[in-house]
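Within every chain, numbering begins at 1; the chains are lettered A, B, ... in the order of the sequence lines, protein sequences first and strands thereafter. Basis for what follows: all heavy atoms, side chains included, without hydrogens, waters or symmetry-related copies. Just so it is clear, the model here is predicted, and its values are computed rather than measured.
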Amino acid sequence: MKHIVKILSLLVAISAFWIGLLQATIIPRSHTWLLPIYFVVSFGCYGLLMVGVGLMQFPTCPQEAVLLQKDITEAKEFFKHKGVDVGSD
Amino acid sequence: MADEKENIGEKKYKYSIIIPTYNERLNIAIIVYLIFNHLRDVDFEIIVVDDGSPDGTQDIVKQLQQLYGEDRILLRARAKKLGLGTAYIHGLKYATGDFVVIMDADLSHHPKYLPSFIKKQLETDASIVTGTRYVKDGGVHGWNLMRKLTSRGANVLAQTLLWPGVSDLTGSFRLYKKLVLEDVISSCVSKGYVFQMEMIVRASRKGYQIEEVPITFVDRVFGTSKLGGSEIVEYLKGLVYLLLTT
């Protein structure tokens with residue numbers, strides 16, 4: 001099944017649930033009409049939250065740059081000894 | 001007595017490492033040196049797909065072939081810059097390994113992670129092992145706040161729309177079973193980093209088992225604006241394309 005079909009089915013299911021709520025009047029109609037808006041806004045806020053949290057926790061590795069420089073120097077030395085001219089960066 | 005043969009690779013499997021290059025004269029030598037350092041007991045070959053670099057990359061590769069052996073380093077060049085996807089396809093034609101590793105030539109992907117890719121694959125029998133920069137033991141160096149923000153935003157959007165099952169969609173440091181790579185690459189049509197996304201998403205849709213290992217990514221190309229407005233538009237178009245066609 002294509003992914004888009006899965007997503008559309010999910011949206012259809014949610015819509016059906018919402019229409020069901022509208023018919024059944026468990027929640028007052030006025031509230032039910034606003035539910036999709038609440039849903040979209042919450043969804044958007046959750047997305048923004050995920051971006052913010054991920055940004056704060058973004059893994060960094062400054063020590064890797066140092067290690068890489070060491071590796072580069074080591075490799076250049078090796079090639080110098082072997083007579084391979086690698087030129088300069 | 002515990003099984004003594006816990007060496008990675010055990011010389012049972014062969015690994016083909018495909019490295020597309022364009023003007024990577026110095027970096028290709030360093031990468032080759034590091035690969036040989038970190039894969040001492042592994043049967044592997046390095047396939048350099050150079051797109052007619054004017055800086056002498058191919059000359060360096062030929063010297064490396066003299067040093068390490070023409071059976072360990074294959075130079076399969078092309079006449080001009082033809083793109084990453086076709087570079088992999090080209091390299092694949094000459095790969096004789098059971099597994100294929102793809103990695104970048106600019107030292108953002110460090111060969112020291114190759115053993116962890118191999119180990120993960122042997123442990124899980126995964127079809128694909130992909131490196132992820134976005135987990136605790138991984139990481140990125142050299143990105144400013146704006147770059148990290150766009151990366152994170154792009155990732156959240158892609159996760160929401162595509163449910164890909166991997167944390168790093170645009171990464172290009174991966175190990176594939178050779179047959180799996182051949183299967184997936186034949187159905188991909190995108191270019192650039194959307195290509196990398198398409199590969200992993202299509203593989204996921206086809207039901208291939210995908211595992212992740214943490215990698216660190218050192219971006220040494222400081223100052224170049226790799227994420228302009230047009231890149232963002234391309235990315236969004238790519239997302240929609242993947243949403244509708246996978």
Quiz item: What residue in A:C61, A:G54, A:G47, A:A75 has the most heavy-atom pairs under 4.5 Å with chain B?
Solution: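 Answer, by heavy-atom pair count under 4.5 Å with chain B: A:C61.
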
Quiz item: Out of A:E74, A:K6, A:Q57, which one racks up the most heavy-atom pairs below 4.5 Å with chain B?
Solution: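 Most pairs with chain B among the choices: A:E74.
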
Indicate the atoms forming the closest heavy-atom contact of [X] with [Y], along with that distance.
X: A:K2; Y: B:L244; answer: CD-O, 3.7 Å
X: B:G138; Y: A:P59; answer: O-CB, 3.7 Å
X: B:I30; Y: A:F79; answer: N-CE1, 4.3 Å
X: A:P62; Y: B:H141; answer: CA-ND1, 3.4 Å
X: A:T60; Y: B:K148; answer: CG2-NZ, 3.4 Å
X: B:Q63; Y: A:G83; answer: OE1-O, 4.1 Å

Residue part contacting chain A, namely of [X], when any heavy atom lies under 4.5 Å:
X: B:V135; value: backbone
X: B:L64; value: side chain
X: B:V140; value: both
X: B:L67; value: side chain
X: B:L149; value: both
X: B:D55; value: neither

Quiz item: Is the backbone N or O of B:P164 less than 3.5 Å from a side-chain atom of A:H3, with the two atoms forming a donor-acceptor pair by type?
Solution: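 Answer holds: no.
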
Quiz prompt | Most contacts with chain A, counted as non-hydrogen pairs under 4.5 angstrom, among B:D137, B:V32, B:V156 | solution =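 Greatest number of close heavy-atom pairs with chain A: B:V156.
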
Exercise. With a 4.5 Å cut-off on heavy-atom pairs, point out which of B:H110, B:R205, B:Q66 contacts chain A the most.
Key: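 It is B:R205.
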
Quiz item: According to the salt bridge (Lys or Arg N to Asp or Glu O under 4.0 Å) rule, which pairs have a member within residues 151-163 of chain B, sequence neighbours left out?
Solution: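 Found none.
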
Exercise. Decide if atom CH2 of A:W33 counts as having more than 12 heavy atoms of other residues, nucleotides or ligands within a radius under 6.0 Å.
Key: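 Open.
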
Practice problem: Step through the shown structure and confirm whether more than 12 heavy atoms of other residues, nucleotides or ligands are within 6.0 Å of NZ on B:K206. | Solution: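 For B:K206, atom NZ is crowded (more than 12 foreign heavy atoms under 6.0 Å).
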
Quiz item: Taking the side chain as C-beta and beyond, is there a heavy-atom pair between A:K76 and B:L26 under 4.5 Å?
Solution: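 Sidechains of B:L26 and A:K76: in contact.
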
Quiz item: In Å and rounded to the nearest 0.5 Å, what is the OG1 to CD1 distance from B:T245 to A:I4?
Solution: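 It is 10.0 Å, given to the nearest 0.5 Å.
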
Contacting region of [X] [heavy-atom separation from chain B under 4.5 Å]:
X: A:L67; answer: side chain
X: A:K82; answer: side chain
X: A:Q63; answer: neither
X: A:L55; answer: both

Exercise. Tell me, with the steps shown, if B:T160 and A:M50 meet side chain to side chain contact (heavy atoms under 4.5 Å, CB included).
Key: CA-CA 11 Å; B:T160 309; A:M50 287 294 102; over 6 Å; no

Quiz item: Parallel, tilted or perpendicular: which fits the ring planes of B:Y33 and A:F78, with parallel below 30° and perpendicular above 60°?
Solution: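 Tilted, since the angle between the ring planes falls between 30° and 60°.
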
Exercise. Walk me through it: do B:N37 and A:D71 pass the test side chain to side chain contact (heavy atoms under 4.5 Å, CB included)?
Key: CA-CA 11 Å; B:N37 258 16; A:D71 281 331; over 6 Å; no

